[in-house]
Amino acid sequence: DAALVHSFVDEERSGRNPPHIVLGPGLRRRRQPLPEELGQRLGGQPTERLTNPWVVLLLLTACYALSGADRQLVAVLAEPLRQEFGLSDTQLGLLSGFMFALFYTAFGVPLAWLADRANRVKIIAAACFTWSLFTAATGLSTAFSHLAIARAGVAIGEAGASPPRP
């Protein structure tokens, strides 16, 4: 194993790509080829990156910031909502607290499980679409039941957006 580790180090220093990575005595893992290497191996030109990592970071940060702001929306607008819809304290508490948390946690675990097994980009996109759609529905609500359904949808959408984020 010591010779293998020295071989690995020598290949790294020489700039050649080692066929495996040594994790410890007797443990080896094949190194996954990078996209550029795959393109070269297939006889093509090195593949180009489709996105800039800083753009992705900015989009995920914006997504998370909007998610946090949306969670606080009902609490901030409590009095105008109470006057507009004639809500009781119980109804307002359900909208801003218990009901939202119930749906957020109930759907968070299965969506986190899905995020480990499926395409995270598609999950985040679907989650953002879902919570945006239900946020718009919240604005179109005319009764407590409409607000409750819309806030539940927002909670489900936000629950799907959090686990896939790196």
A.B. asks: Working note: Leu95 + Phe144, criterion side-chain contact (heavy atoms from CB on, under 4.5 Å); need CA distance, chi angles, decisive distance, verdict.
C.D. replies: CA-CA 9 Å; Leu95 283 178; Phe144 170 73; 3.7 Å; yes
A.B. asks: Measuring only between side-chain heavy atoms, which start at C-beta, is Thr138 closer than 4.5 Å to Val74?
C.D. replies: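 No. Closest side-chain heavy atoms not under 4.5 Å.
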A.B. asks: Is there a chain of hydrophobic side chains (I, L, V, M, F, W, Y, each step under 4.5 Å between heavy atoms) that links Leu77 to Phe85?
C.D. replies: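 Yes, one cluster joins them.
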A.B. asks: Heavy atoms only: give me the nearest Ile124-Ala161 pair and the separation to one decimal.
C.D. replies: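 Closest pair (atom of Ile124, atom of Ala161, distance): CG1-O, 4.3 Å.
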A.B. asks: If you compare all heavy atoms of Ser141 against all heavy atoms of Leu147, which two are closest, and at what distance to 0.1 Å?
C.D. replies: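 Nearest heavy atoms, Ser141 then Leu147: OG-N, 3.6 Å.
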A.B. asks: What is the minimum heavy-atom distance between Ala127 and Gly160, and which atoms define it?
C.D. replies: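 Scanning both residues completely, I find the closest heavy atoms to be CB-C, 3.5 Å.
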A.B. asks: Report the distance from atom CG of Leu60 to atom SG of Cys128, rounding to the nearest 0.5 Å.
C.D. replies: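 Leu60 atom CG to Cys128 atom SG measures 8.5 Å (nearest 0.5 Å).
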A.B. asks: Between Gln91 and Ser88, is there a side-chain heavy-atom distance shorter than 4.5 Å?
C.D. replies: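 Answer yes - side chains close enough.
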A.B. asks: Tabulate below the donor-acceptor pairs under 3.5 Å that side-chain atoms of residues 96-106 make, not counting sequence neighbours, or state none.
C.D. replies:
{"unit_1": "Ser96", "atom_1": "OG", "unit_2": "Leu92", "atom_2": "O", "d": "3.0"}
{"unit_1": "Tyr104", "atom_1": "OH", "unit_2": "Arg71", "atom_2": "NH2", "d": "3.4"}
{"unit_1": "Tyr104", "atom_1": "OH", "unit_2": "Ser162", "atom_2": "OG", "d": "3.0"}
{"unit_1": "Thr105", "atom_1": "OG1", "unit_2": "Ala101", "atom_2": "O", "d": "2.8"}
{"unit_1": "Thr105", "atom_1": "OG1", "unit_2": "Leu102", "atom_2": "O", "d": "3.2"}

A.B. asks: Within the distance-only criterion (no hydrogens, no angle test), does the side chain of Glu158 pair as donor or acceptor with the backbone N or O of Ala155 below 3.5 angstrom?
C.D. replies: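 Such a contact is absent between Glu158 side chain and Ala155 backbone.
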A.B. asks: State, to 0.1 Å, how close Val154 and Trp131 come at their nearest heavy-atom pair, and which atoms those are.
C.D. replies: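 Nearest heavy atoms, Val154 then Trp131: O-CB, 3.8 Å.
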A.B. asks: Does any non-hydrogen side-chain atom of Arg151 lie less than 4.5 Å from one of Asp70?
C.D. replies: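 Side chain of Asp70 against side chain of Arg151, heavy atoms only: contact under 4.5 Å found.
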A.B. asks: Measuring from Leu114:CG to Phe107:CZ, what's the distance to the nearest 0.5 Å?
C.D. replies: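 Taking CG in Leu114 and CZ in Phe107, the distance rounds to 12.5 Å.
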A.B. asks: Between Val121 and Phe129, is there shared hydrophobic-cluster membership here, with clusters defined by ILVMFWY side-chain heavy atoms closer than 4.5 Å?
C.D. replies: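 Val121 and Phe129: separate clusters.
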A.B. asks: Just how far is it from atom OG1 of Thr61 to atom CH2 of Trp54, taken to the nearest 0.5 Å?
C.D. replies: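 Here the rounded value is 9.5 Å.
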